2 protein chains.
Amino acid sequence: MEQNKIPQATAKRLPLYYRFLNNLQIQGKTRVSSKELSEAVKVDSATIRRDFSYFGALGKKGYGYNVEYLLGFFRKTLDQDELTDVALIGVGNLGTAFLNYNFTKNNNTKIVCAFDADPNKSGTEIGGVPIYHIDELEERLGNVKVAILTIPAMEADRITERLVSKGVKGILNFTPARISVPDDVRVHHIDLAIELQALVYFLKHYPLEMKEEIL
Amino acid sequence: MEQNKIPQATAKRLPLYYRFLNNLQIQGKTRVSSKELSEAVKVDSATIRRDFSYFGALGKKGYGYNVEYLLGFFRKTLDQDELTDVALIGVGNLGTAFLNYNFTKNNNTKIVCAFDADPNKSGTEIGGVPIYHIDELEERLGNVKVAILTIPAMEADRITERLVSKGVKGILNFTPARISVPDDVRVHHIDLAIELQALVYFLKHYPLEMKEEIL
DNA sequence: GTGAATATGTGAAAAATATCACGACTTATC
DNA sequence: GATAAGTCGTGATATTTTTCACATATTCAC
Ligand SMILES: NC(=O)c1ccc[n+]([C@@H]2O[C@H](COP(=O)([O-])OP(=O)(O)OC[C@H]3O[C@@H](n4cnc5c(N)ncnc54)[C@H](O)[C@@H]3O)[C@@H](O)[C@H]2O)c1
Ligand SMILES: NC(=O)c1ccc[n+]([C@@H]2O[C@H](COP(=O)([O-])OP(=O)(O)OC[C@H]3O[C@@H](n4cnc5c(N)ncnc54)[C@H](O)[C@@H]3O)[C@@H](O)[C@H]2O)c1
């Protein structure tokens, strides 16, 4: 693939930049500096310039970046024109929230089908997404390569194995289980309980000094 | 505070270790090695040993770690005995999911109150947590120092300001807005749309080589 | 035009994080 | 009690990420 040399830390920030640039364009702004971007997305301006520089010289010295050009560039880079289909497994509290939320608003991903073990849920739909019984996973999944996991932790390993057998290559895992996958499958863990605990830990153990604010 | 020298990357992993150790104890295991831990939490064993070493010598060479001792140590370190009160702002799709979920299962945090702008929601409760109208924020918040933000992005800045004025020091922000806070307030952003986009980006641009799996 | 202000792109340095690899010690076995 | 196997703790090293700081180019006001 094109540029394997883009640091992961940079890649993770790209969608953030894209979203903000999109907002700028809607607001009718035509140019933006790394400093302005920095204040908006809370990333150091040098880091932003460095991030952009991996893709070549996108800006102009003394001017900044042209919003339309930059946006167009990122649209291609982030494949914002192709829609990636996503499956959601586990239509409980979290899963229902995700189905109701329209991920496609400003986005290139779409949940196209959902699965649950509860027979009362299968056959219905939420937010326009059909819900099937988990037994139908193999036949209904089709060619979907990305899955969101919002099932009980106990079920995570078993379902993961089925997803992987069916060719899923990316999993966004909301269960506390650390699932095992082959090396060609990528898992991103989002562990909400841990995020909350870590925040509390930082508050108690890393007192931030009160610096001078603009009063 | 005690140990300001613990790297942030380490601190973020502590709740993960704690949870796994807790499971081990429930299963009746008395000892564990960094290698076993590594396989379970998917963190390199050297990293685990290094993480633990910031707290001193917790293990025994040739033996590993005593589960009970280690767990007790982390319980103290992570303040698992004190309960931290948390407020939730925005009882919509996501907020409702969090209220229904019992964060206290294996945890030292508890959502004690929720707020919403919708008058139909205020006065009710979900998962035993009372929901107040957002107008009552200042009078009902009490001494809560941590808040979860699940409101529309447009509202984020205004509500953040009110939370900060009331003394909130930690915010778990689920809105796409990058909020501004004084230096003594800590914000953790959890941006689900971006997580999904980043996962898709990695899949398309960082093909993982299929290494030999145990067949 | 000219000078002041602005802002990029990047070499170099710093900081943070992860990993290697091995000495030292423990446990288990016979 | 000697030998083998197992495992920690950590110095050293590697990798990744962030930040500094400035030469260079552009814009803007007059
Ligand atoms: N809700 C939260 O706020 C929250 C916070 C942190 C972590 N989590 C984690 O997210 C996951 C989902 O949480 P939740 O609150 O939505 O749980 P939930 O119990 O509300 O939903 C789980 C859903 O999965 C379905 N299910 C169970 N087994 C299944 C299977 N084998 N195949 C398909 N579907 C199956 C259930 O029918 C249910 O609808 C859990 O692992 C939980 O630990 C949730
Ligand atoms: N649901 C998801 O899957 C998802 C995914 C990614 C991001 N998000 C983000 O999370 C946030 C919440 O999403 P949601 O799907 O739960 O939205 P939602 O619209 O279902 O819920 C928002 C809630 O906030 C309340 N609210 C509005 N203004 C308020 C105010 N000033 N004070 C207090 N409450 C107020 C509304 O009454 C509503 O109940 C949004 O910023 C959204 O972009 C959600």
Side-chain angles (χ1 to χ4, degrees), chain A residues 3-14 16-17 20-21 24 29-70 73-74 178 183 189 198 202 205-206 208 211, chain B residues 3-14 16-17 21 24 29-71 73-74 183 189 198 201-202 205-206 208 211:
Chain A
Q3 296 286 76
N4 271 33
K5 9 188 186 325
I6 286 146
Q8 300 225 352
T10 295
K12 284 193 192 169
R13 284 186 291 262
L14 296 183
L16 185 59
Y17 299 145
F20 185 68
L21 288 170
L24 282 185
K29 287 207 61 164
T30 58
R31 68 183 262 192
V32 67
S33 69
S34 61
K35 189 150 165 286
E36 287 173 272
L37 266 168
S38 170
E39 277 153 26
V41 302
K42 316 286 183 209
V43 172
D44 186 88
S45 68
T47 301
I48 292 178
R49 292 200 299 284
R50 173 81 61 198
D51 283 348
F52 289 1
S53 78
Y54 293 117
F55 298 99
L58 302 177
K60 233 192 233 177
K61 301 188 181 188
Y63 174 87
Y65 301 91
N66 178 287
V67 171
E68 183 148 344
Y69 176 75
L70 202 53
F73 184 84
F74 278 125
R178 256 31 187 193
D183 285 338
H189 293 279
F202 281 123
H205 298 265
Y206 292 67
L208 302 165
K211 290 192 198 144
Chain B
Q3 295 286 74
N4 272 32
K5 8 188 188 320
I6 287 144
Q8 299 222 356
T10 295
K12 285 193 192 169
R13 285 187 289 262
L14 296 182
L16 185 60
Y17 298 146
L21 288 170
L24 282 185
K29 285 207 61 162
T30 58
R31 70 184 259 195
V32 66
S33 70
S34 61
K35 188 150 166 289
E36 286 174 273
L37 265 168
S38 170
E39 279 153 26
V41 301
K42 315 287 183 207
V43 172
D44 186 272
S45 67
T47 301
I48 292 178
R49 292 200 299 282
R50 173 79 64 198
D51 283 347
F52 288 1
S53 78
Y54 293 115
F55 298 99
L58 302 176
K60 232 193 234 177
K61 301 185 181 189
Y63 174 86
Y65 301 92
N66 179 286
V67 172
E68 182 147 343
Y69 176 75
L70 201 53
L71 191 62
F73 185 83
F74 279 124
D183 285 339
H189 293 279
Y201 181 82
F202 280 124
H205 298 265
Y206 294 67
L208 301 165
K211 292 194 199 141

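In what follows, every heavy atom counts, from backbone to side chain, and hydrogens, waters and symmetry copies are set aside. Since the model is a prediction, treat every value here as computed from it, not as a measurement.
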Rounded off to whole Å, could you give me the [atom1]-to-[atom2] distance for the [X] and [N] pair?
X: A:Phe55; N: C:dG9; atom1: CZ; atom2: C1'; value: 15 Å
X: A:Lys35; N: C:dA5; atom1: NZ; atom2: C1'; value: 12 Å
X: A:Leu58; N: C:dG9; atom1: CG; atom2: C1'; value: 11 Å

Identify the two heavy atoms, one from [X] and one from [Y], that lie closest to each other, and give their separation to 0.1 Å.
X: A:Ser38; Y: A:Ser45; value: OG-N, 3.5 Å
X: B:Lys12; Y: A:Ala198; value: CA-CB, 4.5 Å
X: B:Ile48; Y: B:Val43; value: CD1-O, 3.7 Å

Pick out the pairs of N or O atoms, protein on one side and nucleotides 12-19 of chain C on the other, that lie under 3.5 Å.
unit_1, atom_1, unit_2, atom_2, d
C:dA12, N6, A:Arg50, NH2, 3.0
C:dA18, OP1, B:Arg13, NH1, 3.4
C:dA18, OP2, B:Arg13, NH1, 3.0
C:dA18, OP2, B:Arg13, NH2, 3.0
C:dT19, OP2, B:Thr47, OG1, 3.3
C:dT19, O4, B:Arg50, NE, 3.3
C:dT19, O4, B:Arg50, NH2, 2.9

Mind telling me whether A:Phe74 and A:Phe55 have parallel, tilted or perpendicular rings, with 30° and 60° as the class edges?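 Geometry flag for A:Phe74 against A:Phe55: perpendicular rings.
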For the residue pair A:Tyr206 and A:Phe202, does the interplanar ring angle fall in the parallel (under 30°), tilted (30 to 60°) or perpendicular (over 60°) class?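 A:Tyr206 vs A:Phe202 ring planes: perpendicular.
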So do B:Leu70 and B:Phe52 actually touch side chain to side chain, heavy atoms under 4.5 Å?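 SC-SC contact between B:Phe52 and B:Leu70 confirmed.
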Hey, what do you get for CG (B:Leu24) to CG (B:Leu37), rounding to the nearest 0.5 Å?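 Answer rounded to 0.5 Å: 6.5 Å.
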Nearest 0.5 Å, please: how far is CZ in A:Arg50 from CG in A:Asp44?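 The distance works out to 11.0 Å.
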Under a criterion of less than 4.0 angstrom to any heavy atom of chain B, what are the 5'-terminal and 3'-terminal contacting nucleotides of DNA chain D?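 Counting from the 5' end, contacts occupy D:dG6 to D:dA12.
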For B:Lys29, which residues count as a salt bridge (Lys or Arg N to Asp or Glu O under 4.0 Å) partner, sequence neighbours excluded?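 B:Lys29 satisfies salt bridge (Lys or Arg N to Asp or Glu O under 4.0 Å) with B:Glu36 once adjacent residues are dropped.
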Just jot down the salt bridge (Lys or Arg N to Asp or Glu O under 4.0 Å) partners of B:Arg13, sequence neighbours excluded, or say none.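 B:Arg13 satisfies salt bridge (Lys or Arg N to Asp or Glu O under 4.0 Å) with B:Asp51 once adjacent residues are dropped.
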Pair up each side-chain donor or acceptor in residues 60-67 of chain A with any protein partner under 3.5 Å, not counting sequence neighbours, and list the distances.
unit_1, atom_1, unit_2, atom_2, d
A:Asn66, OD1, A:Glu68, N, 3.0
A:Asn66, OD1, A:Tyr69, N, 2.8

Over all strands shown, is A:Ser45 touching base, sugar-phosphate only, or nothing at heavy-atom distances under 4.0 angstrom?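 If one applies the 4.0 Å heavy-atom cut-off, A:Ser45 turns out to touch nothing in the nucleic acid.
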Answer with base, sugar-phosphate or nothing: what part of the nucleic acid does B:Tyr65 contact at a heavy-atom distance below 4.0 Å?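 Result for B:Tyr65 = sugar-phosphate.
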Pairs: protein N or O with nucleotides 25-30 of chain C N or O, under 3.5 Å:
unit_1, atom_1, unit_2, atom_2, d
C:dT26, O4', B:Lys61, O, 2.6

